[in-house]
Amino acid sequence: MRYLPLSTADRSAMLATIGAASVDDLFSDVPAEAVLDGPIAGLPNHASEMAVERALVKMAGKNKTASTNPFFVGCGAYKHHVPASVDMVIQRGEFLTAYTPYQPEIAQGTLQVLFEFQTQVARLTGMEVANASMYDGSTAMTEAVFMARRITRKPKCIVSAGVHPHYTSVLNTLTRFTGDVVEAGVPSFTKGAPGDDLAHLIASIDADTSSVVVQNPNLFGHIADLTPLADACHKAGALLIVVVTEIVSLGAIKSPGEMGADIVVGEGQSLGAGLLFGGPYLGLFACREKHVRQAPGRLCGETVDASGKRGFVLTLSTREQHIRREKATSNICTNSGLIALAFSAHLTLLGEKGLRHLAALNHARAVQLADRLGRVPGVTLLNGPFFNEFTLDLGREARPVVRKLAEKGVLGGVSMGRLWPGEKSLTSGMIVAVTETATDEDFDAYEDALDEVMAK
Amino acid sequence: MRYLPLSTADRSAMLATIGAASVDDLFSDVPAEAVLDGPIAGLPNHASEMAVERALVKMAGKNKTASTNPFFVGCGAYKHHVPASVDMVIQRGEFLTAYTPYQPEIAQGTLQVLFEFQTQVARLTGMEVANASMYDGSTAMTEAVFMARRITRKPKCIVSAGVHPHYTSVLNTLTRFTGDVVEAGVPSFTKGAPGDDLAHLIASIDADTSSVVVQNPNLFGHIADLTPLADACHKAGALLIVVVTEIVSLGAIKSPGEMGADIVVGEGQSLGAGLLFGGPYLGLFACREKHVRQAPGRLCGETVDASGKRGFVLTLSTREQHIRREKATSNICTNSGLIALAFSAHLTLLGEKGLRHLAALNHARAVQLADRLGRVPGVTLLNGPFFNEFTLDLGREARPVVRKLAEKGVLGGVSMGRLWPGEKSLTSGMIVAVTETATDEDFDAYEDALDEVMAK
Amino acid sequence: MSTAMNNVGRPTRLVAGTGAVAETFTGNKALMLEEPLLFERGSLDRSGVDLPPVPPVPDRLAGLGRDVVIGLPGFSEPEAVRHYTRLSRQNYAIDLGIFPLGSCTMKHNPRLNEKMARLPGFADIHPLQPQSTIQGALELINVLADWLMKLTGMPAVAMSPKAGAHGELCGMLAIRAALDAKNDPRRVVLVPESAHGTNPATAAFCGFTVENIPANARGRVDFDAMMARLGPDVAAVMITNPNTCGLFEPDLKRISDAVHAVGGYVYCDGANFNAIVGRVRPGDLGVDAMHINLHKTFSTPHGGGGPGSGPVVLSAALAPFAPIPFVRKTATGLELVEEDTAGTHAADSFGRMVAFHGQMGMFVRALSYMMSHGADGLRQVAEDAVLNANYILASLKDLYTAPFASSGPCMHEALFSDDFLDGTGLSTLDLAKGLIDEGFHPMTVYFPLVVHGAMLVEPTETESKANLDQLIGAMRHVATQMLADPDAWRTGPHLAPRRRLDETLAARKPVLAYKDSEAA
Amino acid sequence: MSTAMNNVGRPTRLVAGTGAVAETFTGNKALMLEEPLLFERGSLDRSGVDLPPVPPVPDRLAGLGRDVVIGLPGFSEPEAVRHYTRLSRQNYAIDLGIFPLGSCTMKHNPRLNEKMARLPGFADIHPLQPQSTIQGALELINVLADWLMKLTGMPAVAMSPKAGAHGELCGMLAIRAALDAKNDPRRVVLVPESAHGTNPATAAFCGFTVENIPANARGRVDFDAMMARLGPDVAAVMITNPNTCGLFEPDLKRISDAVHAVGGYVYCDGANFNAIVGRVRPGDLGVDAMHINLHKTFSTPHGGGGPGSGPVVLSAALAPFAPIPFVRKTATGLELVEEDTAGTHAADSFGRMVAFHGQMGMFVRALSYMMSHGADGLRQVAEDAVLNANYILASLKDLYTAPFASSGPCMHEALFSDDFLDGTGLSTLDLAKGLIDEGFHPMTVYFPLVVHGAMLVEPTETESKANLDQLIGAMRHVATQMLADPDAWRTGPHLAPRRRLDETLAARKPVLAYKDSEAA
Ligand SMILES: Cc1ncc(COP(=O)(O)O)c(C=O)c1O
Ligand SMILES: Cc1ncc(COP(=O)(O)O)c(C=O)c1O
């Protein structure tokens with residue numbers, strides 16, 4: 001057993017020191033009815049590295065990977081190229097195998113990274129401060145709604161129909177029990193501005209409204225100016241929460257902060273993480289400095305050591321569960337530290353210049369493909385403005401089209417039928433994401449396949 | 001250009017400090033006829049990580065890998081399972097991106113590893129000391145022959161016909177010019193002891209003989225007791241050089257040191273390195289302590305620092321080219337440091353217990369397959385004693401058989417026709433290596449495929 | 001170029017007599033290297049990434065382009081690699097030595113698991129790909145789920161929770177949903193004083209009212225107090241087993257039975273499962289829900305704070321309320337039950353907890369770990385973990401105050417208090433900082449709250465006896481010296497990259513992001 | 001368990017007044033951790049590898065089984081990972097900071113290259129597989145060969161040499177073979193005094209007689225001395241360009257012509273190709289053979305000593321004598337020319353230099369590097385490398401003795417001597433050790449031999465201006481302090497894992513392997 005260093009002789013010597021006759025003596029508190037005599041049945045015994053690797057390689061081989069097929073799936077998770085050095089950084093044992101930095105004098109590596117990460121996230125989102133990460137975008141959004149309730153002491157949250165339905169689901173799961181009131185609608189399938197309900201949101205704000213949640217770019221890829229909405233929120237004493245699921249977009253489009261957001265939450269997976277079948281991802285959480293004591297999650301702050309040197313520590317922990325227990329701002333403990341490192345390292349490698357280039361490239365490539373696919377007979381491009389994701393109206397149920405494309409080796413996008421099952425008005429929609437990783441050959445393959453499928 | 005940190009502004013500022021108008025001024029010594037005006041024609045310009053990765057993945061995809069096919073190729077390079085942690089260790093930046101430890105106070109990591117490696121190699125081979133590595137087994141063998149000449153001051157080296165012909169080729173390449181006399185024969189294809197020429201070697205030793213070189217297990221996988229040969233060498237004042245191309249064998253069979261070798265050279269690729277299409281590999285070089293001042297290559301030794309603490313340094317460098325120049329024991333400078341680390345880490349993970357288990361497993365599996373293949377109609381197992389590699393006499397030219405097996409997806413071994421082209425007596429031979437990585441399914445596939453090919 | 005002064009503006013000097021250089025020009029100390037902030041060294045026009053050119057098409061951003069400077073400095077790749085490598089070296093980590101944080105189960109992280117998690121077949125697939133293209137991923141989740149159910153003796157498991165606290169949330173939401181399904185209005189959750197902060201925080205997070213139950217003198221839940229409080233308003237109890245004092249709760253089965261008898265549910269915090277895996281199945285103790293920190297018991301690396309993964313095993317009573325998505329076997333393969341088919345296969349599900357399917361990357365690592373150990377190895381894990389902890393307890397209890405040592409062996413962690421330092425003016429914190437200089441990460445300090453100046457030492461099973469002996473030796477040495485010469489120990493650490501950091505200052509005047517004006 | 005004494009048997013103590021702990025119980029200093037030898041900590045019955053059971057078949061070892069203890073202690077995986085991680089932290093490396101070793105070209109090692117080298121299609125193939133199964137590998141070698149030929153302007157390249165010195169051997173063997181083919185008995189090889197030790201060693205290794213040619217006052221080969229010595233007995237000259245003083249040899253073309261005129265060959269040591277890649281093609285300077293250290297110019301990592309890779313470009317005169325194996329294009333694909341087809345395609349080949357086909361792993365990395373930079377980027381590499389070196393020269397030459405600075409700019413490295421320390425009793429070595437405390441790896445010291453107390457500083461192009469400024473600052477600081485207060489600088493380093501190590505002792509009583517009796 002390669003991971004266990006104790007030898008039989010060690011064990012005997014240690015039992016002697018302890019004064020126990022056998023290891024069973026150490027488990028004497030276990031009630032008789034729960035004692036297991038030997039290894040649990042129905043499970044295999046230990047295996048060599050070779051054998052484990054062989055079995056897992058076989059399982060992995062049953063999946064179609066994004067890099068080996070023309071790939072255009074998005075909706076909250078994006079395939080971007082992650083530089084090889086990012087993986088090298090997160091595999092440094094000192095980062096990978098460290099715990100939460102509870103002893104800051106020997107955790108300055110992690111802490112400085114978190115301080116840099118918080119600064120990067122704040123700047124990217126156009127906010128003043130950011131926390132040290134949440135689980136993912138969807139849980140970050142839920143936390144933001146609760147934070148707004150604590151700040152405004154009002155019960156109601158209005159959620160735009162353009163928000164990713166999984167995110168809204170997660171919110172609903174909790175509010176069903178917490179008593180927060182959530183209003184959320186079904187998205188419009190409007191040509192030029194699918195899912196855009198800004199006017200409706202503004203109209204819905206009332207004195208009970210603690211927050212309005214809106215996603216930009218929205219589920220359909222549509223982008224909008226949120227300034228009027230922010231103004232309306234602030235006039236009513238509500239907070240504007242902006243969700244960003246494609247963080248690369250902020251290299252090209254105005255940040256939520258610039259448009260007046262009070263809290264910005266996002267999914268940071270696009271930078272550093274990779275697709276990973278959904279996790280671990282990275283919840284981003286940024287807000288105004290004045291609200292920070294109501295924020296969930298860990299915060300890293302600057303301080304000095306006994307000799308006056310700058311250093312970093314986890315701070316404002318009186319908000320957190322380990323100090324405040326049932327009065328904490330959130331129950332979160334373990335977060336997404338290592339993915340935050342990956343995000344930060346990727347963004348450091350890009351820099352402002354690289355991020356802007358990356359975003360511009362994503363946008364231009366998406367425009368190119370949108371126009372090509374929009375010309376396929378039977379297909380209509382729904383979007384006016386968009387970033388790197390757009391929605392096609394196929395004029396027929398989209399879900400089988402997605403499956404047929406997959407059979408042809410093209411992972412073409414996400415059908416509205418999967419995300420909004422039962423919503424008849426949306427079933428013909430297919431959401432297509434384009435990143436820097438798609439080649440011209442991929443475009444050709446997609447167009448050809450869609451052509452064929454639509455022709456049938 | 002992602003690897004170049006200087007900005008245009010930096011460059012201007014630095015030129016100003018230097019007092020040069022442009023970078024061209026710094027190249028003013030280049031004669032006019034050799035000045036190139038711009039990037040060299042016929043080569044592409046810089047490319048993104050994505051693009052480079054795409055191109056190389058495509059090239060790599062054209063090769064049939066050992067892990068995805070039943071695999072039995074050996075003859076000096078063996079497919080063993082390398083634990084994942086070995087690769088992690090050699091990817092530590094502090095090992096990977098360090099130079100030769102010329103400043104020992106900040107290179108104790110590399111130096112202690114080398115000291116441990118030298119000790120491991122010495123013990124494994126049964127010798128007193130080992131150096132810090134050579135390029136590979138074949139160049140190590142050549143160096144051993146020259147070392148023996150320096151020690152004995154005699155001109156002649158007798159090479160067993162059971163030595164890997166590529167190794168002998170490498171020796172011949174040099175001795176053609178150095179004037180060393182090399183006698184080497186064509187191997188016998190004797191049932192029970194293919195390639196065994198111990199009696200002939202003993203008979204050939206004369207007063208001019210500086211060394212006898214023998215491989216164990218030999219090219220055909222045959223193993224032998226070298227003690228009588230060692231005695232004969234020593235009686236004549238010659239040195240016995242033993243070559244080991246499958247170092248794992250030393251977990252199961254008597255070491256050259258135990259049998260009286262004076263110098264042991266080997267290929268260390270089996271532990272830590274992987275197949276790598278032939279390189280970088282690891283030359284092992286071990287000898288008696290009394291001869292160490294004639295040894296080639298770097299040596300790491302123990303010492304103390306100014307405060308009396310133990311530490312390690314490169315030592316006895318007056319043997320080496322950077323001090324001794326044309327009188328050096330060898331011209332080697334850069335060696336195989338990182339592969340030595342991989343070897344040492346793999347061996348540390350195995351330990352004596354693991355190495356013996358690994359060797360026993362290799363042997364037992366090879367015996368199993370040898371017996372199975374030996375029963376295929378038309379096939380004869382040539383070996384008596386062997387470790388994990390054996391020779392089949394196919395009764396017909398083996399080279400096309402190997403090719404046909406490959407077409408069936410089985411990488412079945414190496415034909416004698418490839419290694420000893422033109423040697424009619426050997427063309428029906430195929431050398432088969434079996435390691436711990438071959439499964440029962442691989443055995444079945446091999447037997448079936450060989451059956452079919454032989455039936456035609 | 002400032003060649004006259006070092007980083008902190010002081011001239012380099014030799015310490016009189018010692019010959020040691022106290023301050024260097026750079027602030028570095030040979031291999032202990034200072035590293036400025038990205039924002040002090042990077043620049044807006046530098047990048048470590050090359051990209052293909054942008055095709056010249058008119059933008060479709062409707063005037064919403066980002067036209068102000070964002071403020072994101074970049075590095076070339078060499079600078080970036082060095083920045084992070086240098087920073088990493090200011091961290092302690094399990095790869096460097098024993099990391100005996102109680103309650104955290106910092107065990108070795110096998111590198112095979114990292115390799116497996118990076119197989120493109122697992123790492124390079126999208127959560128919304130057609131299900132026919134991700135059957136291997138569903139298989140992996142399913143196999144892992146099977147291991148978890150068998151190891152715990154429970155009939156169901158929810159895979160999507162992202163960490164322990166999220167698992168707690170999952171369990172407590174299932175309990176809420178189960179109560180709601182019965183229109184049962186009870187809302188009180190009983191939590192032992194010694195519980196981890198996430199327990200009460202989670203209960204409150206989903207609308208329960210938390211009440212504390214005290215510990216008894218043996219460090220266990222006070223059974224009588226618990227019985228006294230149980231009643232029809234009690235929705236659930238949350239118990240940690242082994243508990244945060246490192247002790248097995250011998251009454252857990254009796255408590256479960258009593259809770260069930262009054263119509264409540266038993267949530268078990270399974271963070272300490274490492275102590276009993278393969279030796280005790282929580283299902284045999286009457287538990288209704290328990291999260292498993294894959295990042296503890298099953299060794300997925302902690303990454304300096306996360307990510308984790310917190311699957312929750314559920315009793316038959318709670319299983320119908322489990323969250324979507326989950327994997328279901330069908331005649332033709334595996335199916336992911338999501339919103340579209342939830343009506344048919346998960347009518348009572350309390351809904352979705354995260355956008356996608358949980359921590360796939362952690363699942364791969366955990367399964368690789370389980371397959372490597374097997375049923376026999378996992379049992380050995382628990383035994384060695386408990387043996388190591390008891391060895392520490394036995395080797396230190398004459399010197400360190402061990403509040404519950406008289407009540408018998410501990411489980412996977414040994415608990416001490418700083419009572420033995422009374423009168424020195426020193427406390428747990430000083431001792432922890434002293435251990436830092438000795439090259440160890442300290443134990444968990446000041447948790448659990450039920451013990452004064454708590455020191456919770458969890459070695460885990462992946463430490464050798466030699467390592468334990470070294471830790472014990474250092475702990476004895478530091479404690480002995482603290483008693484002998486207290487003044488020498490008030491200001492540690494002295495040898496770490498930073499001296500003791502001012503946490504009060506940090507909280508009083510929070511600086512949470514770099515401001516460009518900060519630059520020198 | 002020894003709790004009373006630390007590793008070196010001394011009691012821990014506080015340094016009076018300073019509050020600093022001078023010795024810890026463990027010998028560790030927080031994150032600077034001591035690590036015993038494997039042989040002191042491992043044990044013969046421990047293993048970090050699990051293997052399937054051995055099938056019970058009778059052995060076929062003919063009584064040659066190894067029945068004595070070998071003496072190879074093992075570690076469990078956690079112990080092994082920690083052993084090597086802790087050791088690694090006692091190393092300086094390019095990932096930590098500038099590594100300005102002159103003549104070594106320690107540039108950043110891109111991580112993409114590591115990833116590419118590990119693609120199973122390159123890493124998991126055997127050198128003796130049927131050629132139809134390794135066409136991708138042959139393609140890679142072929143493409144790399146094409147880059148090398150175009151970059152050097154040479155018509156042929158031998159790929160199998162394993163490092164620079166092995167490349168030299170290849171070139172010199174080709175020259176020997178070419179001479180032999182003409183029955184030309186000449187054997188003298190002229191080598192400048194400033195040459196790297198491998199040059200004369202290699203020439204001697206293949207049977208040539210070495211004669212030295214002095215340098216002129218400008219640090220170049222003395223042209224007149226060279227001309228004076230040239231004659232019909234001269235087989236070859238070996239010239240390094242740029243030379244080991246970091247200077248371009250402006251007369252190389254004239255020398256080549258003269259050598260050719262007398263029937264000799266020109267070997268060029270290409271270790272310093274980084275200075276001119278993309279700006280000058282050695283083929284335009286009359287070179288007949290030149291090795292290229294892929295582990296220098298093309299960034300394959302140095303790995304603490306190796307492996308390297310030393311392909312050799314050859315002129316038309318030498319190409320026929322190139323070693324086997326090599327890759328040949330055929331109508332249907334690529335073919336490896338080995339012994340069997342050498343007769344047809346390589347009749348004049350001097351034979352085989354290594355068992356297989358050279359350093360494939362390095363080839364992949366180097367090609368990945370070349371494709372990443374492209375023809376434009378490689379030219380920029382040379383320019384930035386030269387610019388960085390000249391910046392250092394310009395910034396230090398007022399303080400450090402710069403013997404050739406008056407003769408104009410340097411190429412990729414700046415050469416200083418320690419003459420400016422005359423009278424202090426300090427030398428290059430002390431300065432180097434002082435830089436260690438400042439967090440830098442020192443420059444190359446005492447090479448080339450033509451300069452007294454040489455310090456050869458090669459920054460490479462992957463250093464930023466900020467890094468250079470820091471190095472320059474530290475170098476000025478150390479030099480200034482050494483002149484001001486020499487006594488403080490005789491005993492460095494003070495802050496590294498070890499104080500100055502006794503190299504004389506090591507050589508006088510060599511201890512080259514661990515003896516078990518050594519154990520405490
Ligand atoms: C006892 C206990 N419960 C719960 C948790 C919370 O787990 P997580 O940090 O994964 O959310 C922890 C982790 O620190 C713990 O120790
Ligand atoms: C100028 C010069 N020539 C030759 C060599 C030898 O190269 P290698 O170490 O790769 O054998 C070196 C390397 O140190 C060198 O600097």
Side-chain angles (χ1 to χ4, degrees), chain B residues 5 10 14 18 26 29 34 39 43 45-46 52 59-60 62-65 73 89 92-94 97-98 100 105-106 108-110 119 123 129 135 138 166 169 173 177 277-280 301-303 305-306 311 315 321-322 325-326 328 331 333-335 337-338 349 351-352 354 360 385 406 421, chain D residues 44 47-49 54 62 71-72 74 84 87-88 90-95 119-121 124 126-127 130 133 136 162-163 165 197 200-202 204 210 248 250 284 303-308 340 351-352 355-357 359-360 374-377 391 394 409 464-465 496 498-499 506 511-514:
Chain B
D10 289 336
M14 292 163 74
I18 295 164
L26 306 177
D29 279 330
L43 293 171
N45 278 344
H46 69 281
V52 174
M59 260 185 232
K62 295 178 190 166
N63 300 322
K64 253 198 174 114
T65 66
V73 188
V89 166
R92 286 281 301 174
E94 290 93 331
T97 75
T100 306
E105 295 86 359
I106 47 171
Q108 286 297 301
T110 293
T119 307
R123 293 181 177 193
V129 292
Y135 303 136
S138 68
H166 287 178
S169 276
T173 295
F177 303 120
F277 199 56
E302 187 181 317
T303 188
D305 78 355
T315 192
Q321 45 72 27
H322 64 281
R325 302 179 73 85
E326 61 270 27
N331 72 333
C333 178
T334 292
N335 59 18
L338 197 73
L349 280 159
E352 178 131 356
Chain D
L44 295 186
S47 182
V49 174
V54 179
L72 296 170
Y84 292 106
L87 285 179
S88 76
Q90 300 182 13
N91 270 4
Y92 194 91
I94 192 82
D95 277 4
L119 289 173
D124 191 31
H126 190 288
T133 67
K162 295 246 165 194
T202 301
V210 175
F248 196 88
D284 296 336
D340 53 349
R352 183 180 276 278
F356 302 117
H357 325 306
Q359 307 287 67
M360 185 67 179
D376 54 342
Y391 183 64
S464 67
K465 179 168 179 295
R498 285 293 175 273
R499 303 278 303 273
V511 179
L512 306 175
Y514 182 81

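These values consider heavy atoms only, across backbone and side chains, with no hydrogens, waters or symmetry-generated copies. Naming convention: chains lettered A, B, ... in sequence-line order (proteins, then strands); numbering from 1 in each chain. For clarity, every value in this text was computed on a predicted model and none was experimentally measured.
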In terms of heavy-atom pairs under 4.5 Å with chain B, which of [options] leads?
options	answer
D:Gly74, D:Ala165, D:Ala394	D:Ala165
D:Gly304, D:Ala204, D:Gly308, D:Ser464	D:Gly304
D:Pro130, D:Pro200, D:Ala62, D:Gly48	D:Pro200
D:Gly306, D:Gly374, D:Pro409	D:Gly306
D:Asp124, D:Thr133, D:Asp340	D:Asp124
D:Ala506, D:Gly351, D:Pro120, D:Ala163	D:Ala506

Next on the checklist: In terms of relative ring orientation, are B:Phe277 and D:His357 parallel, tilted or perpendicular, with 30° and 60° separating the classes?
Outcome noted: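 Taking D:His357 first and then B:Phe277, their aromatic rings sit tilted (interplane angle of 30° to 60°).
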Checklist entry - Between B:Ala406 and B:Lys64, which heavy-atom pair has the shortest distance, and what is it? => result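 Shortest heavy-atom separation between B:Ala406 and B:Lys64 comes out as O-NZ, 3.3 Å.
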Checklist entry - For B:Asn45 and B:Pro39, which heavy atoms make the closest approach, and how far apart are they? => result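 Answer, listing the atom of B:Asn45 first, then B:Pro39: OD1-CB, 4.4 Å.
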Can you tell me which of [options] forms the most heavy-atom pairs within a distance under 4.5 Å of chain D?
options	result
B:Leu338, B:Thr173, B:Ile106	B:Ile106
B:Glu94, B:Glu352, B:Arg92, B:Lys62	B:Glu352
B:Gly354, B:Pro5, B:Pro421	B:Pro5
B:Met59, B:Glu105, B:Gln108, B:Glu326	B:Glu105
B:Ala328, B:Gly93, B:Cys333	B:Gly93
B:Leu349, B:Thr110, B:Val52, B:Thr100	B:Leu349

Next on the checklist: Hydrogens and angles aside, do D:Arg352 and B:Ser169 bring a side-chain donor and acceptor to less than 3.5 Å of each other?
Outcome noted: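 B:Ser169 and D:Arg352 do not have a side-chain donor-acceptor pair below 3.5 Å.
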Checklist entry - About how many Å separate OG1 of B:Thr119 and OH of D:Tyr514, when rounded to the nearest 0.5 Å? => result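 Nearest 0.5 Å value for the OH-OG1 distance: 9.5 Å.
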Next on the checklist: To the closest 0.5 Å, what do you measure between CZ (D:Arg498) and OG1 (B:Thr303)?
Outcome noted: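 Reported to 0.5 Å precision, the distance equals 11.0 Å.
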Next on the checklist: Restricting to side-chain hydrogen bond (donor to acceptor under 3.5 Å, both in side chains), what partner residues turn up for B:Thr65, sequence neighbours left out?
Outcome noted: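 In terms of side-chain hydrogen bond (donor to acceptor under 3.5 Å, both in side chains), with neighbours along the sequence ignored, B:Thr65 is linked to B:Thr68.
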Checklist entry - What pairs with B:Thr97 under side-chain hydrogen bond (donor to acceptor under 3.5 Å, both in side chains), at least two apart in sequence or on another chain? => result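 Per chain and number, B:Thr97 pairs via side-chain hydrogen bond (donor to acceptor under 3.5 Å, both in side chains) with no residue.
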Next on the checklist: Report which part of B:Ala34 has an atom under 4.5 Å of a heavy atom belonging to chain D: side chain, backbone, both, or neither.
Outcome noted: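 For B:Ala34, the contact with chain D is made by backbone and side chain together.
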Checklist entry - Side chain, backbone, both or neither: which part of B:Val73 has a heavy atom under 4.5 Å from chain D? => result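 For B:Val73, backbone and side chain are both near chain D.
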Checklist entry - Which bit of D:Leu512 comes within less than 4.5 Å of chain B, counting heavy atoms only: side chain, backbone, both or neither? => result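 D:Leu512 touches chain B through backbone and side-chain heavy atoms alike.
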Checklist entry - Does B:Asn335 reach the main-chain N or O of B:Gly337 with its side chain, forming a donor-acceptor pair under 3.5 Å? => result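 Looks like yes, one N/O pair under 3.5 Å.
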Checklist entry - Is a donor on one side and an acceptor on the other found under 3.5 Å between the side chain of B:Asn63 and the backbone of D:Gly136? => result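 Yes.
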